[in-house]
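My questions all concern the structure below.
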Amino acid sequence: KETKEQLIIDAGQKHFGATMCKSCGMIYTASSPEDELQHVQHHYRFLEGIKYTGWKKERVVAEFWDGKIVLVLPHDPSYALRKVEDVQELVDNELGFHQAVPRCPNKTKTFLFISDEKRVVGCLIAEPIKQAFRVLSEPIGPESSSSKECHRAWQCSDVPEPAVCGISRIWVFRLKRRKRIARRLVDTVRNCFMFGCFLKIDEIAFSDPTPDGKLFATKYCNT
Ligand code: ACO
Ligand code: ZN
């Protein structure tokens, strides 16, 4: 059949270099069997992890044309907490974080951005803090950039400043980035973290930011 031939030709062209899966966003080399296997394994686990079926009791804290933000608190029903755990695991995997234990599990607030396609496409984990250290200018120079760790070696002030809300994770699904989802998550946290007040930029702090996180935070804090 015509259609089958077409499929084979398309697949053949894709078998060079890096491909990005249009549904899970993973970048892999289609010509490498190991990569393809890794992709298949990741694909289903990931899509299952971000699937959001809707909950009987959900705390919608913001609504938009393309989705909504749901807040999950530590004593919520186990189906909600399980979803948060699954999403956090995917996020930590992507970020390469392995210390999954939050400092104050019973004070953690998790904000999930749910898309119209019923998927968790954004996640922000916030916790109360008392102080933070300001990031000073740029990362330490090339002399010390021999290892992988260099990209997190921002120089911080050693003078603590008072703060209220620490953002320990912020993540947006790769295929939904640059649509202001992260910005809307942070705006919502500022609005909902402490009852009755809108937190100032100075009162929130991003912990251990990645390069993406730092680009976003710099932009967010200056606008
Ligand atoms: N490069 C340059 N500027 C950026 C980037 C980037 N990668 N990401 C955001 N910005 C800036 C832009 O100015 C953007 O506005 P514009 O699109 O109008 O130019 C502005 O920030 C707002 O960006 P959003 O669209 O709200 O950000 P997005 O929804 O794409 O999410 C995030 C940003 C969360 C950092 C995303 O890239 C991501 O999930 N990355 C991988 C995970 C990660 O590294 N998370 C941060 C970890 S640090 C921590 O958790 C504390
Ligand atoms: Zn995929």
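This one's a predicted model, so the numbers in the text were calculated from it and none came from an experiment. Indexing begins at 1, ligand by ligand and atom by atom, following the structure's order.
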Minimum side-chain heavy-atom gap Met26-His43 below 4.5 Å: no
Name the residues with a heavy atom less than 4.0 Å from ligand 1? Leu95, Ile167, Ser168, Arg169, Ile170, Trp171, Val172, Arg177, Arg178, Lys179, Arg180, Ile181, Ala182, Arg183, Ser207, Pro209, Thr210, Asp212, Gly213, Leu215, Phe216, Lys219
Hydrogens and angles aside, do Tyr52 and Glu58 bring a side-chain donor and acceptor to less than 3.5 Å of each other? yes
Which protein atoms of type N, O or S are found under 2.8 Å from the Zn ion (ligand 2)? Cys21 SG, Cys24 SG, His39 NE2, His43 ND1
Within the supplied structure, the quantity of interest is the number of heavy atoms (other residues, nucleotides, ligands) at a distance under 6.0 Å from Glu117 CD; does it exceed 12? yes
List the atom of Thr218, the atom of Asn222, and the distance in Å for their closest heavy-atom pair. O-ND2, 3.0 Å
Ring-plane angle category for Phe206 and Phe216, please: parallel below 30°, perpendicular beyond 60°, tilted otherwise. perpendicular
Closest non-hydrogen atom pair, Ile201 against Tyr220: CD1-CE2, 3.6 Å
Quick check: are there more than 12 heavy atoms from other residues, nucleotides or ligands sitting under 6.0 Å from CZ of Arg134? no
Ignoring hydrogens and angles, tell me if any N or O in the side chain of Arg169 forms a donor-acceptor pair with the backbone of Ile125 under 3.5 Å. no
Please confirm whether Phe173 and Phe46 have ring centers closer than 6.0 angstrom. yes
